[in-house]
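Along the sequence shown, residues are numbered consecutively beginning with 1. Counting starts at 1 for both ligands and their atoms, following the listed order.
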Amino acid sequence: MKIVLGVSGGIAAYKACELLRLFTESGHEVRVVPTRDALRFVGEPTWAALSGQPVTTEVWENVHEVPHVRIGQGADLVIVAPATADLMAKAAQGLTGDLLTTTLLTARCPVVFAPAMHTEMWDHPATRANVATLRERGAIVIDPASGRLTGADTGPGRLPDPAEIFEVCLRVLRGAPRDLAGRKVVVSAGGTREAIDPVRFIGNRSSGLQGYALARTAVARGAEVTLVAANVSLPDPAGAKVVRVESTAELREAVLSASADADVVVMAAAVADFRPAERHTSKIKKTPGEPSPINLTKNPDILAELGERRTAAQAGLRAQSETAADDKTQGETVAGGAVPERPPYPAVIAGFAAETDDVLANGAAKLARKGCDLLVVNQVGEHLAFGTADNAATILRADGGRAEIARGPKDDVADAVWDQVVTYF
Ligand code: CTP
């Protein structure tokens with residue numbers, strides 16, 4: 001495939017070298033189009049040597065080849081990494097002035113921006129408006145990662161891991177549908193840990209791979225993703241906002257808070273059903289005689305709670321609109337009686353069920369018990385599902401439907417889940 005790698009003038013330009021290598025090593029033909037300022041960070045010989053292609057910043061070189069039109073027209077994908085605030089402002093306005101901006105105007109293929117800048121610049125209303133404009137026009141703008149920025153400060157603005165940007169680009173190249181564009185999605189991943197004392201905990205074997213695959217694929221399908229990660233040691237998926245938690249109580253708080261204005265919640269995390277009733281503040285010592293038992297207490301069921309909260313919110317809305325209708329028939333002005341367009345709780349709630357026996361029967365009972373719309377049921381055991389790259393599952397729907405997912409990579413399972421989710425919109 002023909003890739004245009006646009007590089008604008010930010011310190012993260014050096015990371016684009018790794019992105020370039022990932023493309024060339026997997027057989028893609030990459031034309032690097034840096035801005036003049038980008039060359040102050042990484043020089044032309046580096047881009048030329050790594051891409052094996054000529055590198056120009058201006059429209060005035062090789063004019064007979066009409067590069068400002070040809071490069072954009074011939075591309076299968078344009079990725080701009082890093083995308084500075086200035087470059088996105090120009091792209092949003094349709095301004096030209098160099099080869100990269102003209103290429104962005106002539107490209108008719110998918111365009112991905114991977115912004116990197118200081119938090120203040122990313123948060124500025126001008127940048128927010130430009131990003132919104134680019135997204136409205138169909139471009140994919142990957143939210144920057146949070147972390148250490150140039151200098152001592154930290155916050156959102158880091159260029160995501162090049163390997164994760166590459167993953168998003170590959171999915172876009174494969175024609176990932178944009179059916180989650182404009183949707184807010186919350187995914188929980190990993191496994192919760194319940195502290196016994198400062199050094200010990202009760203945990204489970206969940207690696208977080210399936211939840212991370214859900215987040216990664218949702219970003220490529222255009223969603224704004226919050227990933228609540230419980231004890232996962234995987235690289236952050238590009239574009240997802242990652243909230244790290246440890247215990248079920250922390251996971252619950254993070255999921256409920258992110259769900260308040262979300263369209264979809266997928267609970268892929270393996271949540272501990274019980275926690276030690278008492279958390280020792282000092283390490284439990286090995287004393288002579290029988291060890292004392294650890295008493296357990298029940299954890300809240302987050303998935304069931306999401307369903308209950310939604311049912312209550314829907315009942316509240318119904319009552320509100322009935323009152324509004326009554327008031328109208330009585331010819332009164334309805335103050336504050338308007339029904340909000342966005343429902344107060346997610347339109348789609350999905351869970352995962354890991355079962356060892358009677359997989360489908362247990363799954364169907366769980367779907368009804370938890371009040372969710374979709375339940376992804378899979379069999380677990382010694383070498384099944386946990387920590388493996390592959391998965392197979394059956395998706396049970398609250399409306400009685402069912403979809404089988406053949407054994408395959410967890411990204412494919414994730415896409416099959418999103419295929420089901422979008423049918424509810
Ligand atoms: N879940 C949850 N809160 C819990 C337990 C589970 O939100 N306290 C969610 C999980 O994230 C998953 C779904 O519920 O999406 C099913 O999890 P599972 O452990 O299979 O269900 P349990 O209710 O714990 O049932 P079981 O008796 O089989 O353990």
* To do: For Gly190 and Ser206, work out which heavy atoms get closest and say how close.
  => O-OG, 3.2 Å
* Asked: Relative to the heavy atoms of Gly351, which atoms of ligand 1 are at a distance of less than 4.0 Å?
  -> 15 (O)
* **Protein heavy atom at shortest distance from atom 11 (O) of ligand 1** => Ala269 O, 2.7 Å
* Asked: Charged N to carboxylate O below 4.0 Å: is that the case for Asp373 and Arg397?
  -> no
* Kindly indicate whether the side chain of Pro160, heavy atoms from C-beta on, has any atom under 4.5 Å from the side chain of Asp236. => no
* What atoms of ligand 1 come within less than 4.0 Å of a heavy atom belonging to Ala354? -> 20 (O)
* Among Leu77, Val219, Val111, Asp76, which residue meets the side chain to side chain contact (heavy atoms under 4.5 Å, CB included) test with Val172? -> Leu77
* **Lys/Arg-Asp/Glu bridge criterion (N-O < 4.0 Å) met for Asp179, Arg221** => yes
* Structure fact -> A student checking ligand 1 against Ala353 at a 4.0 Å heavy-atom cut-off should list atoms 20 (O)
* **Distance flag for atom 28 (O) of ligand 1, protein heavy atom under 4.0 Å** => yes
* Any idea which atoms of ligand 1 are less than 4.0 Å away from a heavy-atom of Lys366? -> 16 (C), 18 (P), 20 (O), 21 (O), 22 (P), 25 (O), 26 (P), 28 (O)
* Does the separation of the ring centres of Tyr14 and Phe41 fall below 6.0 angstrom? -> no
* Check ion pair Asp153-Arg148 (N to O, under 4.0 angstrom) -> no
* When Thr248 is tested against each of Glu194, Arg193, Arg275 for side chain to side chain contact (heavy atoms under 4.5 Å, CB included), which residue passes? -> Glu194
* Asked: On the ring face of Trp418, is Arg183 found with NZ or CZ under 6.0 Å from the centre and within 45° of the axis?
  -> no
* Can you check whether Thr248 has an N/O within less than 3.5 Å of an N/O in ligand 1? -> no
* Quick one: look up the protein heavy atom nearest atom 7 (O) of ligand 1 and list residue, atom name and how far away it is. => Leu303 N, 2.8 Å
* Asked: What is the nearest protein non-hydrogen atom to atom 3 (N) of ligand 1, stated with its residue, atom name and distance?
  -> Ile302 N, 3.1 Å
* Do me a favour and list the nearest non-hydrogen protein atom to atom 12 (C) of ligand 1 with residue, atom name and distance? => Phe352 O, 2.9 Å
* With a 4.0 Å cut-off on heavy atoms, does Pro300 reach ligand 1? -> yes
* To do: Consider every N or O of Met267 and every N or O of ligand 1, then say whether any pair is closer than 3.5 Å.
  => yes
* **atom 15 (O) of ligand 1 touched by protein (heavy atom, under 4.0 Å)** => yes
* Is the closest side-chain donor-acceptor distance between Gln73 and Thr106 under 3.5 Å? -> no
* Nearest protein heavy atom with distance in Å, relative to atom 1 (N) of ligand 1 -> Lys370 NZ, 3.7 Å
* Does the side chain of Leu227 come within less than 4.5 Å of Val243's, by heavy atoms? -> no
* Below 4.0 angstrom from a heavy atom of Arg369, which ligand 1 atoms are there? Numbered from 1 as shown, please. => 23 (O), 25 (O)
* Region of Ser188 engaging ligand 1 - heavy atom pairs below 4.0 Å -> neither
* Looking only at protein heavy atoms, identify the closest one to atom 5 (C) of ligand 1 and say how far it is in Å. => Asp273 OD1, 3.3 Å
